[in-house]
4 protein chains.
Amino acid sequence: MDFNNNQPIYLQIVDFICEKILLSVWKQEEKIPSVRELAVQLSVNPNTVARSYDFLRSQEIITDKRGIGYFISSNSMQQAKQYRKNLFIEQELPLLFRTLNMLDITPDELDKLLIKYKRKLQHEK
Amino acid sequence: MDFNNNQPIYLQIVDFICEKILLSVWKQEEKIPSVRELAVQLSVNPNTVARSYDFLRSQEIITDKRGIGYFISSNSMQQAKQYRKNLFIEQELPLLFRTLNMLDITPDELDKLLIKYKRKLQHEK
Amino acid sequence: MDFNNNQPIYLQIVDFICEKILLSVWKQEEKIPSVRELAVQLSVNPNTVARSYDFLRSQEIITDKRGIGYFISSNSMQQAKQYRKNLFIEQELPLLFRTLNMLDITPDELDKLLIKYKRKLQHEK
Amino acid sequence: MDFNNNQPIYLQIVDFICEKILLSVWKQEEKIPSVRELAVQLSVNPNTVARSYDFLRSQEIITDKRGIGYFISSNSMQQAKQYRKNLFIEQELPLLFRTLNMLDITPDELDKLLIKYKRKLQHEK
DNA sequence: GTGGTCTAGACCACC
DNA sequence: GTGGTCTAGACCACA
């Protein structure tokens with residue numbers, strides 16, 4: 001994992017974990033790496049991971065058990081999707097809108113392109 | 001301008017110039033900065049800019065006049081749009097598709113979100 | 001201000017600020033001391049104050065304007081009261097309950113004591 | 001046991017002992033730790049404990065038998081309750097009153113909160 | 001071991 | 001100046 005400069009590292013880690021949850025790589029009630037462990041894996045300061053975990057807990061995506069570790073919360077899927085969707089709407093949607101406008105791609109054409117891509121993926125399977 | 005790590009810098013510069021054209025910041029037949037000039041502006045090696053210009057010429061987006069400099073070609077708009085659109089389909093569309101799937105956003109919902117964002121922009125004007 | 005050891009300093013600062021708001025010492029839309037300023041006043045590390053402010057912002061009690069400072073938010077009164085009330089119920093109520101039980105003070109007697117104290121206060125005015 | 005700064009330590013020890021009596025941890029006529037013993041337990045100066053014991057004797061909560069030690073007096077329960085109740089009224093009640101006022105909690109609401117908490121406790125048993 | 005907190009000091013972007 | 005982030009290293013309570 002390498003970090004870009006546009007967004008704080010701790011939020012990039014939050015995203016990284018949200019994806020793990022949304023793609024069911026990390027499942028409900030499962031223990032996740034300890035603060036120190038993940039910090040070593042990602043080559044960042046433990047405080048930075050702690051900040052990510054603190055943020056995820058405030059969003060009720062993970063829960064902590066003192067002296068034991070952090071766990072994916074039972075309603076993580078819903079919470080993570082909610083958080084990530086807001087991010088999409090606030091950050092990615094404007095960029096997409098700008099690109100579509102610049103390239104004169106109508107919503108209708110975008111739909112067709114998405115369907116085409118989906119078929120292509122299925123064809124490759 | 002800061003460069004991501006995902007793509008060669010010379011292609012990122014190509015993109016940068018395509019946007020200038022598509023957003024009509026640089027207009028048809030207009031002279032564009034010299035290789036050395038732009039290299040200084042972007043803090044990159046002149047060779048890198050030269051490679052970008054070479055690529056843009058091969059796409060018929062710019063033309064060169066020996067001893068004078070590079071110019072936006074007469075059909076730049078169309079060519080740039082074509083090039084950029086291919087890029088969108090090959091690179092951005094798959095990422096968008098993945099995100100939409102992950103967040104359970106249907107094409108229909110995406111349309112609505114785009115319309116909502118458009119209205120918000122107009123409202124802010 | 002001196003800190004006890006039972007509770008994190010950053011939460012004691014949060015409490016300190018909530019009181020300022022609830023008692024209308026700091027009013028809506030008003031600028032509050034900068035992170036560094038308050039840190040000096042309270043003789044704590046700026047990071048600790050930053051953590052308090054970050055927490056208060058997450059509770060929508062204060063808002064930040066980048067490069068300018070923090071401000072009491074418009075609905076601070078309501079938010080601060082809500083936060084402080086939860087704290088009362090979770091932390092102070094159990095202690096009160098324990099004391100009342102230990103001293104055989106019935107809710108009825110507590111009411112009378114409170115009324116008596118109120119009258120005493122009014123008498124002193 | 002760790003001491004707050006608000007009150008003399010010897011009075012905090014008095015409180016500590018009153019609680020032992022009120023919660024029937026130390027029972028009537030029972031011998032209590034010697035001055036030196038308790039001083040070691042609480043990591044305070046023996047003089048401080050001596051002062052506490054002296055105060056408790058003046059309140060007729062404990063009695064001393066020369067050369068033997070201190071004992072919980074026969075009417076300790078009543079005396080301790082009386083002493084502690086005065087303390088509650090003089091020190092804790094004003095703070096409670098202030099908090100209730102600040103948070104707009106009526107005596108009626110306080111009653112309800114206490115009942116609710118009592119039920120919660122019983123539920124947990 | 002775990003997480004939670006705090007300090008110290010650094011650099012950045014914004015105004 | 002302001003807040004925001006990150007690192008480094010320390011100590012604590014809990015289990």
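Below, chain A is the first sequence line, B the second, and so on; all start at residue 1.
Remark: P of E:dT5 and CD1 of C:Ile13 are 13 Å apart, rounded to the nearest angstrom. For A:Tyr10 and F:dG3, the OH to C1' distance is 12 Å, given to the nearest whole Å. Taking atom CG of C:Asp64 as the reference point, atom C1' of F:dT2 lies 10 Å away to the nearest angstrom. Straight-line distance from the CD atom of A:Gln12 to the P atom of F:dG4: 18 Å, rounded to whole Å. Distance A:Asn6 CG to E:dC12 P: 16 Å, rounded to the nearest Å. Rounding to whole angstrom units, CZ of residue C:Arg51 and P of F:dG3 are separated by 18 Å. Note: CG (C:Asp54) to P (F:dT5) measures 8 Å, nearest angstrom. If you take CD1 of C:Ile9 and P of E:dG4, they are 17 Å apart, rounded to a whole angstrom.
A:Thr48 has no side-chain polar atom (N or O) that falls below the 4.0 Å cut-off from OP1 or OP2 of F:dT5. A:Arg57 has a side-chain polar atom (N or O) that falls below the 4.0 Å cut-off from OP1 or OP2 of E:dG4. Close to E:dG4, at under 4.0 Å from its OP1 or OP2, lies a side-chain N or O of A:Tyr70.
Scored by the salt bridge (charged side-chain N to carboxylate O under 4.0 Å, His left out) test, B:Lys112 finds B:Asp108 as partners (sequence neighbours excluded). Taking the salt bridge (charged side-chain N to carboxylate O under 4.0 Å, His left out) definition, one finds that B:Glu19 meets it with A:Arg98, sequence neighbours left out. Applying the ring-ring contact (aromatic ring centres under 6.0 Å, His included) rule to D:Tyr70 yields the partners D:Tyr53; only residues at least two apart in sequence or on another chain are considered.
Within the 6.0 Å centre-distance limit, the rings of C:Phe55 and C:Tyr83 are counted as a close aromatic pair.
A distance-only check finds no donor-acceptor pair linking the side chain of B:Thr48 to the backbone of B:Val44 [under 3.5 Å].
Between the CG atom of C:Leu56 and the OG atom of C:Ser73 there is a distance of 9.5 Å, given to the nearest 0.5 Å. A:Gln78 CD to A:Asn75 CG: the interatomic distance, rounded to the nearest 0.5 Å, is 6.0 Å.
Of the candidates E:dC6, E:dG3, F:dT2, F:dT2 carries the atom nearest the C:Glu37 side chain, counting heavy atoms from C-beta on.
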* **Reading 5' to 3' through nucleotides 10-15 of chain F, protein heavy-atom contacts under 4.0 Å coded B for base, S for sugar-phosphate only, - for none** => ----BS
I'd like a table of donor-acceptor pairs (distance under 3.5 Å, sequence neighbours excluded) in which one partner is a side-chain atom from residues 60-67 of chain A, with atom names and distances.
| from | atom 1 | to | atom 2 | distance (Å) |
| --- | --- | --- | --- | --- |
| A:Asp64 | OD2 | A:Arg57 | NH1 | 3.2 |

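Among the protein residues, A:Tyr53 comes within range of no part of the nucleic acid, since none of its heavy atoms lies under 4.0 Å from any strand.
With respect to A:Arg84 and A:Asp15, a salt bridge is recorded, a charged nitrogen being found less than 4.0 Å from a carboxylate O.
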* Nucleotide pairing, DNA chain F (Watson-Crick or G-U, distances under 3.5 Å), in dot-bracket with [ ] and | -> ||||||||||||||.
